[in-house]
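Model, not experiment: these values are computed from the prediction. Atoms considered below: every heavy atom in the structure, side chains included; atoms not considered: hydrogens, waters and symmetry mates.
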Amino acid sequence: MATVRAECPGCGDVELQVQDLVVRECLDDDVPGAYRFRCPVCEQTVSRDASARIVDLLVFAGAGHEWWCRPAELAERPTGPALTLDDLLDLHVLLAGDGWFDDLVALVSRTTPE
C-alpha cells in the first residue's frame with residue numbers, strides 16, 4: 001500500500017494512503033487535473049492542482065479517478081439587458097422584506113411573456 005505526502009493548508013504536510021486521494025480530470029480542457037483528499041488531522045476536504053505526471057502516478061498507484069465536465073450553462077450566452085447597479089439595489093431591497101419570495105414571483109409573472 002503506497003503512502004503519499006500531501007499538504008493541507010491548515011495543518012501542513014500530512015501522510016495519506018493512496019486510496020485516500022481522488023484524482024479529478026476535466027473532459028473539456030487540456031488542464032492536467034487535480035486531486036482531493038480529506039485531511040486526517042482537521043478533516044477538511046483539500047483540493048490541489050496536479051501536473052500530468054502526478055496525475056498519472058496517483059492513478060497508477062491506485063488513487064480513485066473521476067472525470068467531470070463543465071456545466072452546459074457555462075457555454076450559454078445570456079440574452080436581454082445587462083444587470084445594472086440599480087437592478088442589484090432593487091433586488092437587495094426586495095430580498096430585505098419578509099414576503100420577498102411572493103413579491104419576486106409576482107414580479108416575474110408580470111414580466112414573463114405568455
How far apart are the closest heavy atoms of [X] and [Y], and which atoms are they?
{"X": "Glu15", "Y": "Pro40", "value": "O-CG, 4.1 Å"}
{"X": "Cys42", "Y": "Cys39", "value": "N-SG, 3.5 Å"}
{"X": "Pro32", "Y": "Val55", "value": "O-CG2, 3.7 Å"}
{"X": "Phe37", "Y": "Glu7", "value": "CZ-O, 3.7 Å"}
{"X": "Leu27", "Y": "Cys69", "value": "CD1-SG, 3.6 Å"}

query = Heavy-atom distance under 4.5 Å between the side chains of Thr3 and Gln17, does that happen here?
reply =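 A side-chain contact under 4.5 Å exists here.
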
ask   = Given Arg5 and Val14, is the side-chain contact (heavy atoms from CB on, under 4.5 Å) satisfied, shown in steps?
value = CA-CA 6 Å; Arg5 184 177 302 166; Val14 294; over 6 Å; no

Is it possible for you to say whether [X] and [Y] belong to one hydrophobic cluster, with membership spreading through side-chain heavy-atom contacts below 4.5 Å?
{"X": "Val59", "Y": "Val18", "value": "yes"}
{"X": "Val23", "Y": "Val31", "value": "no"}
{"X": "Leu58", "Y": "Val22", "value": "no"}

query = Can you list every side-chain hydrogen bond (donor to acceptor under 3.5 Å, both in side chains) pair that touches residues 35-53, not counting sequence neighbours?
reply =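 side-chain hydrogen bond (donor to acceptor under 3.5 Å, both in side chains) check on residues 35-53 returns Arg36-Glu66.
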
Residue list, side-chain hydrogen bond (donor to acceptor under 3.5 Å, both in side chains) with Asp87, at least two apart or on another chain =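 Per chain and number, Asp87 pairs via side-chain hydrogen bond (donor to acceptor under 3.5 Å, both in side chains) with Thr84.
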
message = More than 12 heavy atoms of other residues, nucleotides or ligands under 6.0 Å from CG of Leu83: yes or no?
response =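 Count over threshold, so yes.
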
Just list the side-chain donor-acceptor pairs under 3.5 Å for residues 94-102, sequence neighbours left out, or say none.
none

